Amino acid sequence: MMRIFVTVSCILCLFACAGKYEEDVKEFPQIATIETGGSLLGVFELALNRNVPWELCWGPDDKLWFTEQEGRVCRLNTKTGELDTLLVLPEVWFKRTAGLLGMDLYQEKDGTIQAFLNYTYKQDSLITSRLVRYELKEDKLINPTILLEIPGSNSHNGSRVKISRNGLVYWATGDAHVYENAQDSTSVNGKILRLSRDGSIPADNPIPGSPVWAWGFRNMQGLAENSKGQWYSSEHGEASDDELNLLKPLGNYGWPQIEGFADTEKEKPHKRSDKIEPLRAWTPTIAPAGIVYYESSRLPALQNSILLVTLKAQSLRKIKMDRSGTKVLSEEILVDSVFGRLRSIAVSDKGEVFIATSNRDWNPAPGFPKSADDRILQISLAKDLKGNLWKSKPALVHQTNDGAGLYQRYCASCHKPDGTGVKDIFPSLVKNDKVTGEKTALLQLVLNGKEQMPSFAFLSDDELAAVLSYIRQSWSNESSDITSTHIRNYRHTNDQ
Ligand code: HEC
């Protein structure tokens with residue numbers, strides 16, 4: 001008996017060893033080097049030609065899982081570069097910012113790996129956003145169980161999904177473009193929801209019988225928990241005030257009455273003790289996306305910081321936190337404007353960092369996508385100086401208040417730096433009679449906003465005059481100035 005056991009285990013070992021031996025460890029090209037905090041970090045190119053990797057997750061199987069917005073779940077072996085597709089979801093409704101979005105993974109005690117996915121779905125004209133659980137079996141995701149369906153929309157669908165250290169599902173949802181949802185505690189939009197892995201509501205949720213855990217959010221794009229159980233989210237503001245928040249149960253984060261800090265006359269009356277201000281707000285906006293709380297000693301220069309990737313600002317940032325995790329000490333840009341839009345980030349158990357570009361999405365930056373897009377990159381200690389060297393720099397807010405500077409800060413993310421817009425989404429401002437025509441109608445639009453065009457009432461008279469005169473005189477528009485007196489009078493007559 002003993003002999004059989006020994007023989008069998010030897011054969012097993014032989015197989016296992018042979019398997020390992022055959023695994024072809026690949027050297028990935030180091031395409032750039034980042035210098036930060038006295039360390040050199042290499043940026044390695046792991047995968048090319050992907051299509052909007054929306055979420056990256058480090059799996060319990062020591063592989064890098066990712067979702068692609070059009071409806072695919074894939075898995076990358078970060079040692080060999082081998083890629084497999086675990087799931088294709090034809091029912092995903094993929095348009096602009098909607099599609100297959102957040103994902104997280106969980107390993108049950110019996111070893112089964114579960115994947116929790118969120119995607120938008122459209123039937124007739126009804127858009128919903130689904131949270132679905134799958135099981136991994138023989139390299140395929142099977143047995144879908146819908147845990148929750150909530151109202152979706154053309155935009156503001158969030159979302160990120162994270163499984164907490166104690167195995168609960170946290171889901172950061174968008175307001176579905178109905179701003180009032182965020183302050184309505186009976187709506188599940190504009191919320192952090194907290195569920196059990198079977199979709200039931202945990203008995204210790206702050207509102208008995210409700211999945212709502214925190215509210216007052218517009219459109220969250222990043223969610224992370226640290227080892228102390230503190231939760232953080234990143235969020236897109238309307239035209240100003242992107243946010244990084246420290247999340248608390250029953251916390252109200254202010255949208256739509258308060259954006260960023262409660263610092264304008266309109267916001268101040270809403271400032272009450274139950275409304276929580278962000279850790280950090282960004283105006284002009286940077287479009288913050290994925291976040292992780294980096295705690296590993298593997299890359300000491302990054303320790304105890306929130307790593308943030310951004311879309312509009314095309315950057316990877318290190319937001320150094322104090323020991324308590326409740327205060328931002330500094331913000332550094334590790335690299336920007338090189339890889340294009342960056343949407344997702346993950347950290348392996350060993351402390352390697354992974355990021356993914358989002359240059360094939362609906363709103364690419366000028367010059368993108370490039371032929372290799374989208375790419376999945378790894379950031380680890382550099383062995384050599386290779387590729388371009390990027391030195392991290394403090395994140396300073398540029399303050400050019402001339403029309404061109406204001407246009408680039410507030411308008412170019414949608415209407416594009418050269419005013420040409422995005423077909424069928426953001427109108428071109430070049431030779432557009434709404435720009436060159438009647439001044440009052442233009443002021444009315446820019447001060448009040450319309451549909452996806454945000455209101456810019458927060459800009460001062462001088463700033464509005466500068467940016468509007470700029471668009472009226474650029475790109476062969478050749479129209480007259482708008483003065484700050486004109487704006488002051490307009491605001492006075494219209495009580496703004
Ligand atoms: C978040 C994206 C976004 C930003 C930022 C933005 N716009 Fe717009 N803008 C739009 C959209 C969408 C429309 C079309 C609105 C509609 O008619 O439904 C629009 C329409 C306009 C129009 C009217 C053009 C037309 O043909 O309808 C003008 C003028 C304009 N924007 C100026 C500006 C200026 C000036 C800024 C910066 C201060 C700005 N926009 C920032 C999205 C944006």
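We count ligands from 1, going down the list as the structure has it; atoms in each ligand are counted the same way. Source: prediction; values computed, not measured.
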Participant: Can you confirm, on distance only, whether ligand 1 has an N/O atom lying under 3.5 Å from any N/O atom belonging to N432?
Facilitator: yes
Participant: Have a look at S428, C411, A287, G421 and point out the one with the heavy atom closest to atom 38 (C) of ligand 1.
Facilitator: C411
Participant: Return the option from H415, Q408, R472 holding the heavy atom at the smallest distance from atom 30 (C) of ligand 1.
Facilitator: H415
Participant: Please determine which of K318, K391, K393 meets the side chain to side chain contact (heavy atoms under 4.5 Å, CB included) test together with T36.
Facilitator: K318
Participant: Can you tell which part of E451 has a heavy atom less than 4.0 Å from ligand 1: side chain, backbone, both or neither?
Facilitator: side chain
Participant: For the residue pair Y407 and W475, is the inter-centroid distance of their aromatic rings smaller than 6.0 Å?
Facilitator: yes
Participant: Does ligand 1 have a heavy atom under 4.0 Å from the side chain of L459, from its backbone, from both, or from neither?
Facilitator: neither
Participant: Using the benzene-type ring in the case of Trp, are the ring centres of W58 and F354 under 6.0 Å apart?
Facilitator: yes
Participant: Counting the benzene-type ring for Trp, do F426 and W362 have ring centres under 6.0 Å apart?
Facilitator: yes
Participant: What do we get for A239 next to ligand 1 when only non-hydrogen atoms under 4.0 Å count, side chain, backbone, both or neither?
Facilitator: neither
Participant: Nearest to atom 4 (C) of ligand 1 by heavy atom, S240, A441, C414, G437: which?
Facilitator: C414
Participant: What is the closest protein heavy atom to atom 13 (C) of ligand 1, and at what distance does it sit?
Facilitator: P427 CD, 3.4 Å
Participant: Counting only nitrogen or oxygen atoms and a 3.5 angstrom limit, does Y410 reach ligand 1?
Facilitator: no
